[in-house]
Student: 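Take this structure first; my questions come after.
Please read all numbers here as calculations on a predicted model, not as lab measurements. Lettering of chains follows the sequences in order, A, B, ..., and the numbering in each one begins at 1.
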There are 2 protein chains.
Amino acid sequence: METLDTVPDDDFLRLDHQICFSLHAATRAFNGVYREALRELGLTYPQYLAMLVLWEHGELPVKGIGERLRLDSGTLSPLLKRLETAGYVERRRSPEDERSVTVRPTAEGAALKEKARDVPRRIAAATGLDLADIRDLRERLDALAVRLDSVDPDDLNVCR
Amino acid sequence: METLDTVPDDDFLRLDHQICFSLHAATRAFNGVYREALRELGLTYPQYLAMLVLWEHGELPVKGIGERLRLDSGTLSPLLKRLETAGYVERRRSPEDERSVTVRPTAEGAALKEKARDVPRRIAAATGLDLADIRDLRERLDALAVRLDSVDPDDLNVCR
DNA sequence: CACGATTCAGTTGTGCACAACTCAATCGTG
DNA sequence: CACGATTGAGTTGTGCACAACTGAATCGTG
């Protein structure tokens with residue numbers, strides 16, 4: 001049987017080239033499509049993700065957004081500041097915990113949700129996949145991410 | 001039957017949140033694993049992709065690398081300059097066409113291939129997938145990327 | 001209560017991705 | 001041959017991702 005251990009190194013280099021690369025390419029293709037779809041909303045794709053989270057939860061501390069998007073403050077702070085400058089969100093130090101900053105959509109930000117309503121369906125249509133395919137792919141990707149996130153860094157070093 | 005047109009908008013917003021997001025998360029998880037595996041080689045993940053291409057082809061013009069990685073000169077020029085500074089590649093204006101710059105691995109860059117030999121297998125092992133799963137996932141992602149790359153931008157605008 | 005540890009947001013610095021642009025070399029058509 | 005169009009690499013500017021760090025607020029344990 002063909003397993004990870006029976007394939008020659010050179011085959012593997014090619015295979016690897018393709019799997020990591022396919023993911024890279026698919027992500028960039030997705031980014032391009034979102035960029036186009038979000039252009040008239042004035043949002044980038046990561047900004048859209050942040051707004052999705054806020055539309056769903058109403059308001060959240062920066063940390064809460066970070067947990068849901070798996071992003072740290074180094075990425076979120078400037079992103080949220082840009083959303084604030086654009087007038088879509090409001091940031092306020094939490095009175096209960098002065099360390100925390102609460103973020104919530106402004107009226108304008110909330111109104112944006114209606115404009116964004118069509119986006120997901122258009123994106124889904126652009127993928128050419130039906131619902132079952134999308135769900136299946138999503139499940140595989142989620143499982144993969146969970147698996148990769150739990151990898152022990154020591155297992156990846158060549159000189160173990 | 002459940003199709004793209006019969007699902008309520010709000011379901012879709014959630015579903016969308018998950019598919020685009022799953023891809024995003026999987027890519028970032030992959031990046032993290034590669035970052036770790038490539039640390040001792042002194043390469044970033046995109047630099048590794050460029051070296052893979054060069055190891056396979058010996059030498060290529062910047063344009064040729066860009067075609068294979070689907071990256072433009074705006075991304076590649078500084079990346080290749082960093083690889084040159086690191087001593088892994090050499091860049092030379094082509095004598096036949098002065099517009100073109102030929103890139104090829106230095107001796108040190110070629111030697112790096114041996115050090116990188118173990119990387120793909122370790123990455124594959126980290127995914128927890130067997131060869132069939134990897135191939136299947138790769139094919140789906142490639143098909144998705146092709147499909148997304150060929151989308152007409154006009155189909156993505158809300159006010160068509 | 002006090003004080004070291006932790007938590008949270010933010011900053012800085014590096015690298016990637018991409019759009020829009022420059023500039024020189026080359027091509028193609030009249 | 002000449003000259004406008006195209007091509008190839010590079011630059012600039014914006015935004016995202018992440019590591020490493022700062023500084024203030026809060027927590028927890030003695």
Side-chain angles (χ1 to χ4, degrees), chain A residues 20-21 23-36 38-39 42-51 60-67 69-86 89 91-103 149 153, chain B residues 20-21 23-36 38-39 42-51 60-67 69-86 89 91-103 149 153:
Chain A
C20 64
F21 185 63
L23 195 68
H24 214 62
T27 298
R28 301 216 324 278
F30 242 119
N31 284 344
V33 166
Y34 271 103
R35 200 192 329 278
E36 199 54 48
L38 296 172
R39 184 186 305 283
L43 293 177
T44 65
Y45 176 55
Q47 287 167 7
Y48 169 70
L49 291 180
M51 291 305 297
L60 277 175
V62 173
K63 180 181 169 56
I65 301 173
E67 277 163 3
L69 299 183
R70 290 174 183 264
L71 292 172
D72 67 9
S73 67
T75 299
L76 283 175
S77 287
L79 185 154
L80 293 170
K81 209 182 285 185
R82 282 187 284 270
L83 283 177
E84 187 179 41
T85 301
V89 307
R91 296 185 306 153
R92 254 193 10 247
R93 283 275 157 196
S94 161
E96 306 91 57
D97 185 343
E98 288 283 335
R99 289 171 306 181
S100 176
V101 166
T102 302
V103 184
D149 278 336
Chain B
C20 64
F21 184 64
L23 194 69
H24 214 61
T27 297
R28 300 215 325 277
F30 242 119
N31 283 344
V33 167
Y34 270 104
R35 198 189 332 276
E36 199 55 48
L38 296 172
R39 183 186 306 282
L43 293 177
T44 66
Y45 177 56
Q47 286 167 7
Y48 169 70
L49 291 180
M51 291 307 296
L60 277 176
V62 173
K63 182 180 168 56
I65 302 174
E67 277 163 3
L69 299 183
R70 290 175 183 264
L71 291 172
D72 66 9
S73 68
T75 299
L76 283 176
S77 288
L79 186 154
L80 293 170
K81 210 182 286 184
R82 282 186 284 270
L83 284 177
E84 187 179 42
T85 302
V89 305
R91 295 185 306 153
R92 253 192 13 246
R93 283 277 157 196
S94 162
E96 305 91 59
D97 185 342
E98 289 283 336
R99 290 170 305 182
S100 177
V101 166
T102 302
V103 185
D149 278 337

Student: Between B/S100 and B/S94, is any side-chain donor less than 3.5 angstrom from a side-chain acceptor?
Tutor: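 The answer is no; no qualifying pair exists.
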Student: Nucleotides 18-23 of chain D: which of its N/O atoms have a protein N/O under 3.5 Å away?
Tutor:
unit_1	atom_1	unit_2	atom_2	d
D/dC18	OP2	B/R28	NE	3.2

Student: Write down the distance between CZ (A/R92) and P (C/dC8), rounded to a whole number of angstrom.
Tutor: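 Computing the A/R92:CZ to C/dC8:P distance gives 18 Å.
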Student: Contact class for B/L79 vs. all strands (heavy atom < 4.0 Å): base, sugar-phosphate, or nothing?
Tutor: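 The answer is sugar-phosphate, as B/L79 gets under 4.0 Å only of primed atoms, P, OP1 or OP2.
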Student: Look at all strands and tell whether B/E67 reaches a base, only sugar-phosphate, or nothing, counting heavy atoms closer than 4.0 Å.
Tutor: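 Answer is nothing: B/E67 stays at 4.0 Å or more from every strand.
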Student: How about B/R28 and A/L71: do any of their side-chain heavy atoms sit closer than 4.5 Å?
Tutor: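 Yes - at least one pair of side-chain heavy atoms lies under 4.5 Å apart.
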Student: If I take atom CG in residue B/D97 and atom C1' in nucleotide D/dT6, what distance separates them, rounded to the nearest angstrom?
Tutor: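 Taking CG of B/D97 and C1' of D/dT6, I get 12 Å after rounding.
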Student: Measure the distance from CD on B/E98 to P on C/dC27 and round it to the nearest whole Å.
Tutor: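 Taking atom P of C/dC27 as the reference, CD of B/E98 is at 12 Å.
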Student: Expressed in angstrom and rounded to an integer, what is the separation of A/Y45 atom OH from D/dA17 atom P?
Tutor: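 Value for this atom pair: 10 Å.
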Student: May I ask which nucleotide in the shown strands pairs with C/dA5, Watson-Crick or G-U wobble, both distances under 3.5 Å?
Tutor: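 Check on C/dA5: paired to D/dT26, both distances under 3.5 Å.
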Student: Taking only side-chain nitrogens and oxygens of A/S100, does any of them come within less than 4.0 Å of OP1 or OP2 of C/dA9?
Tutor: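 Yes, because at least one side-chain N or O of A/S100 sits under 4.0 Å from OP1 or OP2 of C/dA9.
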Student: Let me know the distance between CZ of A/R93 and P of D/dA25, rounded to the nearest Å.
Tutor: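 Spelled out: CZ on A/R93 to P on D/dA25 is 9 Å.
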Student: Can you identify which nucleotide, out of D/dT11, C/dA9, D/dA17, has its nearest atom closest to the B/H24 side chain?
Tutor: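 For B/H24, the side-chain atoms sit closest to D/dA17.
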Student: Does some side-chain heavy atom of B/H24 sit less than 4.5 Å from a side-chain heavy atom of A/R70?
Tutor: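 No, too far: nothing below the 4.5 Å cut-off.
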Student: Is A/E98 paired with A/R93 through a side-chain N to carboxylate O contact shorter than 4.0 Å?
Tutor: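 Salt bridge absent between A/R93 and A/E98.
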Student: So what does B/T44 touch, heavy atoms closer than 4.0 Å: a base, only the sugar-phosphate, or nothing?
Tutor: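 If one applies the 4.0 Å heavy-atom cut-off, B/T44 turns out to touch the sugar-phosphate alone, with no base involved.
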Student: Report the distance from atom OG1 of A/T27 to atom OH of A/Y45, rounding to the nearest 0.5 Å.
Tutor: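 One finds 8.0 Å between OG1 of A/T27 and OH of A/Y45.
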Student: Starting at atom CG of A/L80, determine the distance to atom P of D/dA17, rounded to an integer number of angstrom.
Tutor: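 Result: 12 Å.
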Student: Got a second to check how far A/L43's CG is from A/M51's CE, nearest 0.5 Å?
Tutor: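 It comes to 6.5 Å.
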Student: Rounding to an integer number of Å, can you tell me how far A/L43 CG sits from D/dG15 C1'?
Tutor: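 One finds 13 Å between C1' of D/dG15 and CG of A/L43, rounded.
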Student: Under 4.0 angstrom, heavy atoms only, what part of the nucleic acid is B/P78 near: base, sugar-phosphate, or nothing?
Tutor: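 If one applies the 4.0 Å heavy-atom cut-off, B/P78 turns out to touch nothing in the nucleic acid.
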Student: Given atom CD of B/Q47 and atom C1' of C/dT14, what is their separation to the nearest angstrom?
Tutor: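 So the CD-C1' distance, B/Q47 to C/dT14, works out to 11 Å.
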Student: Quick one: is A/K81 getting a side-chain N or O under 4.0 Å of the C/dA9 phosphate, OP1 or OP2?
Tutor: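 So the side-chain polar atoms of A/K81 never come under 4.0 Å of the phosphate oxygens OP1 or OP2 of C/dA9.
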Student: For A/R91 and C/dG10, is the shortest distance between a side-chain N/O and OP1 or OP2 below 4.0 Å?
Tutor: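 Checking A/R91 against C/dG10: at least one side-chain N or O falls below 4.0 Å of OP1 or OP2.
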Student: Would you say B/R35 and B/T44 make side-chain contact, with heavy atoms under 4.5 Å?
Tutor: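 Side-chain contact under 4.5 Å: no.
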Student: For B/P95 and for B/P46, locate the closest nucleotide of DNA chain C by heavy-atom distance; then report the residue assigned to the nucleotide nearer the 5' terminus.
Tutor: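 Upstream on the strand: B/P46.
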Student: Hey, could you give me the CG/OG1 distance between B/L79 and B/T75, rounded to the nearest 0.5 Å?
Tutor: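 Atom-to-atom, B/L79:CG and B/T75:OG1 are 8.0 Å apart.
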